[in-house]
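One structure below.
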Protein chains: 2
Amino acid sequence: MAKSESAIDLGLHLPFQIAQLHSALSAQAKVIIAQYGDLNLAQWRIVRVVALDIAHSSTAVRTAAGLDKGQFSKMLAVLEAKGYVVVHPCPEDKRQHVLELTDRARRAHDRLGPVLDARQQHLVATLTTEEQEVVRKAIKAIAAAATKTDFDITPPEPEDT
Amino acid sequence: MAKSESAIDLGLHLPFQIAQLHSALSAQAKVIIAQYGDLNLAQWRIVRVVALDIAHSSTAVRTAAGLDKGQFSKMLAVLEAKGYVVVHPCPEDKRQHVLELTDRARRAHDRLGPVLDARQQHLVATLTTEEQEVVRKAIKAIAAAATKTDFDITPPEPEDT
DNA sequence: CTCAAATGGTGGAAAAGTCAACGATCAAGT
DNA sequence: ACTTGATCGTTGACTTTTCCACCATTTGAG
């Protein structure tokens, strides 16, 4: 088989390829988003999660957007300052907030949403439905497998030097 | 079909899921690498590219490792300072350098390489060979599709506000 | 040879992301 | 009611990543 290469074929390197892919996607998103407003990627994600009614309370939005606690706090402050969201106290849990989008955010979402949907379609355009399904499943599986960190074929040996 | 959700099902979101996956993989790699030495991810990639004889001249290594120009310069300086690589002038192009690994780097690679290979296998362990093939193809295709930034369903209309 | 355009590497600035500590709030048990 | 432990959001320091302007070198055209 063509696996004669040391280890660098195409098969190996999955994390590297994912990183490359992520980089490309991120750059693409950045350019697109920049054309339509003054929000960055993280901020847009927050807006989108709320606009699609995926979540409205702060923690739920944060996890859905996949953001760090600190970063979320900062981005949310920016969004509020720019007039994209209004923050209400949460009746059920006084520690949290409830996010409400302003008209400005809704307009931005109405303009940008379709473009991002088009992008999404463009991205998977070359894949069949079955392939998309496989990819989706694989992402999930690999993400789960990525939690293990103790491989330890050979335990670290500090006195090797 | 089950596509009743606004847009947020599983199918959409690919960039987001890739981002999450990348984050998980990156964190995993970070932990593993940290156990075996004092190199970070980018530095390790450089070492690996050279160790596997994928490239030796600076620009080739940089692109193979998928690093930013500036970051590569800095990481390379660190590698040199730590005694992992020796930088020679490039005879064919005086702007570039030729990278040579030190024994230290080779030892590090000999120790860490197998662990990362094991990790790689673990990551794709749940996927069949065909599925791996699909994933590989998909990554390539999506990455290619990610270069397009001009979707412009509707051109930006500044006077919408 | 000379010039202009393109490419490579460096360094600094700005942005993004990470992390830990802190006070406020909640939940659960007593 | 009270206490303990957990969760939540904020803040500030810190690291990492990204971007851009600059100079040196190369390449190709005249």
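B:His109 meets the ring-ring contact (aromatic ring centres under 6.0 Å, His included) test with B:Trp44; sequence neighbours excluded.
Following rounding to the nearest Å, A:Lys74 (NZ) and D:dC14 (P) show an atom-to-atom distance of 13 Å. Atom CZ of A:Phe72 and atom P of D:dT7 are 18 Å apart (whole Å). We find that NE2 of A:His22 is positioned 11 Å from C1' of D:dT17, with the value rounded to whole Å. The distance between atom CE of B:Met75 and atom C1' of D:dT15, rounded to the nearest whole Å, is 10 Å. One interatomic measurement links the two molecules: CD of A:Glu92 to P of D:dC8, which rounds to 14 Å at whole-angstrom precision. Computed from coordinates, the B:His97 NE2 to D:dA24 P distance equals 14 Å when rounded to whole Å. Residue B:Gln96 contributes atom CD, which lies 10 Å from atom C1' of D:dT25 at whole-angstrom precision. Put simply, CG on B:Asp68 is 7 Å from P on D:dT18, counting in whole angstrom units.
Counting heavy atoms from C-beta on, the side chains of B:Ile54 and B:Val61 never come closer than 4.5 Å. Put simply, the side chain of A:Ile46 reaches to within 4.5 Å of the side chain of A:Leu67, judged on heavy atoms. For the pair B:Pro15/A:Leu123, a side-chain contact is recorded, criterion being any heavy-atom separation below 4.5 Å from C-beta on. Counting only heavy atoms from C-beta outward, the side chains of B:Val78 and B:Lys74 never approach each other to under 4.5 Å.
Contact between the side-chain N/O atoms of A:Ser73 and the OP1/OP2 oxygens of D:dT10 is found at a separation under 4.0 Å.
Nearest-nucleotide mapping onto DNA chain C: of B:Gln71 and A:Gln43, the residue sitting toward the 5' end is B:Gln71. When each of A:Ser23 and A:Leu76 is assigned the nucleotide of DNA chain D with its nearest heavy atom, A:Leu76 is the one assigned upstream, toward the 5' end.
Picking from D:dT17, D:dT11, D:dC8 the nucleotide with the shortest atom distance to the side chain of A:Arg95 gives D:dC8. If you check D:dT18, D:dG9, D:dT25 against the side chain of A:Ser58, the one that comes closest is D:dG9.
With a heavy-atom cut-off of 4.0 Å to chain B, the contacted part of DNA chain C has its first and last nucleotide at C:dT7 to C:dA13.
In summary, A:Arg48 and A:Asp117 engage in a salt bridge, as defined by a charged side-chain N under 4.0 Å from a carboxylate O.
Base contact: B:Lys69 has a heavy atom under 4.0 Å from a base atom. Counting non-hydrogen atoms under 4.0 angstrom, B:Lys30 reaches nothing in the nucleic acid. Using a 4.0 Å heavy-atom cutoff across all strands shown, B:Asp93 reaches sugar-phosphate atoms only and no base atom.
Taking CD1 of A:Ile18 as the start and CG of A:Leu14 as the end, the distance is 5.0 Å to the nearest 0.5 Å.
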